[in-house]
Amino acid sequence: MPERIFIGVAWPYANGPLHLGHVAGCYLSADIFARYHRAKGNEVLMVSGSDSHGTPITVRAEAEGVTPEEILNRYHPQFVDSWDKLGISFDLFTSTHTENHQEVVHDLFSVLLERGYLYEQAMLLAYCPDCQRFLPDRYVNGTCPHCGFERARGDQCDNCGRTLDPQDLIQPRCVISNSEPDFRESEHFFLKLSAFEKPLLDWVNQQTHWRPNVLNFTRRFLEDGLKDRAITRDLTWGVPIPLDGYEGKRIYVWFEAVSGYLSAAVEWAKLHGDGKSWEAFWKDPDTKAYYFIGKDNIPFHTIIWPAILMAYGGGLNLPYDVPANEFLSLEDRKFSTSENWAVWVHDYLSRYDPDPLRYLLSINMPESGDTNFSWAEFVRRNNEELVATFGNLVHRVLSFTYRNFDEKVPPAGPPGDLEQELLQSAREAMDSVDRDLRDCHFKAAIGRAFSLAQQVNRYLDARAPWQSIKTDRTEAATTLYTATTVINCLKMLLYPFLPFSAQRLHEYLGLEGTVESLSWDFDALIDAVQPGNPLRQPSPLYTKFDPQVVDDEVQRLGVSVA
RNA sequence: GGCGACGUAGCUCAGCGGUCAGAGCGGGCGCUUCAUAAGCGCUAGGUCACUGGUUCGAACCCAGUCGUCGCCA
């Protein structure tokens with residue numbers, strides 16, 4: 001029976017381009033998972049969008065002297081383009097700057113207010129008399145009271161690393177006008193998180209299938225106790241408060257952005273069908289909701305968003321799993337946008353194919369611990385593994401068959417022991433990768449698929465059809481037929497990871513339609529390759545990189561683009 | 001300052017109480033030639049950061065040390 005799977009993926013800030021850290025953090029694993037479930041015949045809805053309202057965007061806009069919309073309109077289309085070219089198959093990638101999103105957030109806000117989970121309270125905040133407005137914490141600079149650093153920010157001192165409140169600063173200054181702010185009271189709405197400490201702990205303790213890092217982190221967070229948090233700010237960019245008298249205030253991103261998971265589903269339903277189809281993904285308790293995020297986002301998805309959903313009532317599904325990845329570093333240093341220590345996704349895609357990158361980031365995914373990306377490793381894995389083990393296997397089988405058997409799948413004789421053995425291995429690999437992907441064990445899954453490719457290489461060496469074709473044409477035919485059927489299984493096993501080349505392979509095998517239209521079923525995949533079926537002229541699925549690529553790419557790192 | 005994570009073969013990473021500690025790649029030796037000098041076999045390589053402790057038994061649990069890195073006050 002088909003399952004229904006909701007996949008929410010972290011919302012990237014639309015204040016700068018995407019780099020490989022983002023991809024490795026959550027987008028690739030989400031996409032692998034989505035493609036796997038679609039191939040299994042399950043109903044998938046995968047959504048995300050540009051986080052349009054964060055302080056980073058207004059900071060960037062003011063620095064450039066443009067509106068926040070201009071920043072959003074610059075990066076959002078670039079994100080969409082990158083997802084398309086990288087094959088991240090969102091059903092909808094929207095933004096938080098839509099009317100629909102605002103309506104959904106207003107509904108959440110209003111219901112929570114009505115049910116008593118929001119309350120108003122005064123806060124003491126920095127106000128700049130020149131700018132005539134309240135200042136976000138990071139808009140205030142001053143001398144750090146701990147270390148004496150003169151350009152500490154209101155939220156944190158960059159010198160000693162301590163987090164601060166703007167009131168702590170000695171000689172605070174507005175970063176825009178450089179004048180001294182005063183501190184005024186401002187009324188804000190607070191989410192009564194404290195009310196959910198016990199229910200959340202009970203719920204979390206049932207989630208034994210979560211990754212240990214996610215579960216442990218969440219438990220510790222809860223054991224430290226939950227404090228109510230302000231969900232509004234004195235800003236003019238963002239979702240307004242749906243009440244009169246709050247014109248200078250907006251709903252703060254950490255409440256608003258996570259609501260995007262719900263609003264995006266609603267928007268998707270409006271775009272496809274009667275506008276009600278989102279409900280099956282949110283209200284049917286049999287639907288499983290997965291949230292793919294980086295580890296820095298864990299508490300928002302295992303505590304705050306579930307608390308909001310509990311507070312809202314209405315039977316909306318809580319997360320089933322939150323498979324958060326750890327961090328990727330780049331040439332042993334952490335990614336840094338400001339130092340241009342990054343590999344930008346659109347830049348990568350302007351020079352190289354998506355699948356080699358998807359391969360490397362899959363086999364070396366920061367699934368249970370931080371991992372490192374290096375160009376040397378990228379080139380090596382491509383040349384020695386992707387090309388040599390899998391690409392070459394496909395090419396040696398298909399080109400030999402195409403040339404010697406009239407451009408068709410050869411007529412097979414009865415299978416011998418080695419054939420039975422190989423087919424059994426393929427069947428087991430399909431079961432094993434199936435379980436691994438279901439459980440979000442991506443590295444284990446792709447590793448298992450590649451070990452099947454190695455087994456096919458071994459099988460070919462044992463049977464040596466380039467020899468047998470001279471003496472026993474039927475034996476050669478049987479060997480190549482068997483190898484081809486197993487390659488058809490490999491195509492499906494690797495499709496979630498390598499969708500572009502899997503589709504090309506699908507075509508070389510002479511099959512119509514898309515890989516995804518086939519089902520994840522061993523017998524069906526074997527049957528799809530019938531003797532006599534016409535093949536298409538194959539060409540290598542991947543090409544090797546010149547080792548010079550390593551030097552060229554490393555040279556680009558850290559170079560100022562200004 | 002508090003909390004936490006990580007430190008496993010030359011490289012990138014699995015393993016997280018119980019058969020001689022694993023994989024891929026790289027090294028050495030051999031086989032093969034259908035294939036993108038690709039494939040296959042054999043082989044070498046590790047005091048599982050260090051020091052103590054718990055246990056019949058620890059890479060895996062506990063404490064401390066060193067190193068790297070996060071989060072929080």
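Naming: A, B, ... by sequence-line order, numbering from 1 per chain.
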Return the pairing partner of [N] with a 3.5 Å limit on both distances, Watson-Crick or G-U wobble; otherwise return none.
N: B:rC42; value: B:rG28
N: B:rG4; value: B:rC69
N: B:rA37; value: none
N: B:rA23; value: B:rU12
N: B:rC60; value: none

Tell me the interatomic distance from [X], atom [atom1], to [N], atom [atom2], rounded to whole angstroms.
X: A:Phe373; N: B:rC11; atom1: CZ; atom2: C1'; answer: 15 Å
X: A:Glu331; N: B:rU12; atom1: CD; atom2: P; answer: 11 Å
X: A:Leu328; N: B:rC13; atom1: CG; atom2: C1'; answer: 13 Å
X: A:Glu384; N: B:rA37; atom1: CD; atom2: P; answer: 12 Å
X: A:Asn457; N: B:rU32; atom1: CG; atom2: P; answer: 18 Å
X: A:Glu326; N: B:rC13; atom1: CD; atom2: C1'; answer: 14 Å
X: A:Phe217; N: B:rA5; atom1: CZ; atom2: P; answer: 12 Å
X: A:Phe390; N: B:rA35; atom1: CZ; atom2: P; answer: 19 Å

With sugar-phosphate meaning primed atoms plus P, OP1 and OP2, does [X] contact a base, only sugar-phosphate, or nothing at under 4.0 Å between heavy atoms?
X: A:Tyr542; result: base
X: A:Ser374; result: nothing
X: A:Asp370; result: nothing
X: A:Arg381; result: base
X: A:Leu541; result: base
X: A:Pro465; result: nothing

Practice item. For the residue pair A:Arg556 and A:Asn340, confirm or rule out a side-chain donor-acceptor distance under 3.5 Å. Key: no
Check your understanding: Between the side chains of A:Ser425 and A:Gln455, is a donor N or O closer than 3.5 angstrom to an acceptor N or O?
Key -> yes
Give the ring-plane orientation class for [X] versus [Y], where under 30° counts as parallel, over 60° as perpendicular and anything between as tilted.
X: A:Tyr261; Y: A:Trp11; result: perpendicular
X: A:Tyr119; Y: A:Phe190; result: parallel
X: A:Phe442; Y: A:Phe33; result: perpendicular

Side-chain N or O of [X] closer than 4.0 Å to phosphate OP1/OP2 of [N]:
X: A:Arg463; N: B:rC34; result: no
X: A:Lys544; N: B:rA38; result: yes
X: A:Gln467; N: B:rU33; result: yes
X: A:Arg458; N: B:rG41; result: yes
X: A:Thr401; N: B:rC34; result: no

Review point. Any N or O donor-acceptor pair linking the side chain of A:Asn392 to the base of B:rG39 at under 3.5 Å?
Key: no
**Study point:** Separation of the P atoms in B:rC60 and B:rG18, to the nearest angstrom
**Key:** 11 Å
Practice item. Name the residue closer to the 5' end of RNA chain B, choosing between A:Asp296 and A:Asn383 according to the nucleotide with the nearest heavy atom. Key: A:Asn383
Check your understanding: Taking for each residue the nucleotide of RNA chain B bearing the nearest heavy atom, is the 5' side occupied by A:Arg380 or by A:Arg403?
Key -> A:Arg380
Check your understanding: Any salt bridge between A:Arg396 and A:Asp461, counting N to O under 4.0 Å?
Key -> yes
For the side chain of [X], starting at C-beta, report the closest nucleotide among [options].
X: A:Arg396; options: B:rA38, B:rA14, B:rA35; result: B:rA35
X: A:Asn372; options: B:rU36, B:rU12, B:rC25; result: B:rU12
X: A:Glu377; options: B:rC25, B:rA14, B:rC11; result: B:rC11
X: A:Lys443; options: B:rU32, B:rC13, B:rG70; result: B:rC13

Point to revise | Stacking check A:Phe400 vs B:rC34 (5.5 Å / 30 deg) | key: no
Review point. Is the shortest heavy-atom distance from the side chain of A:Thr371 to the side chain of A:Lys443 under 4.5 Å?
Key: yes
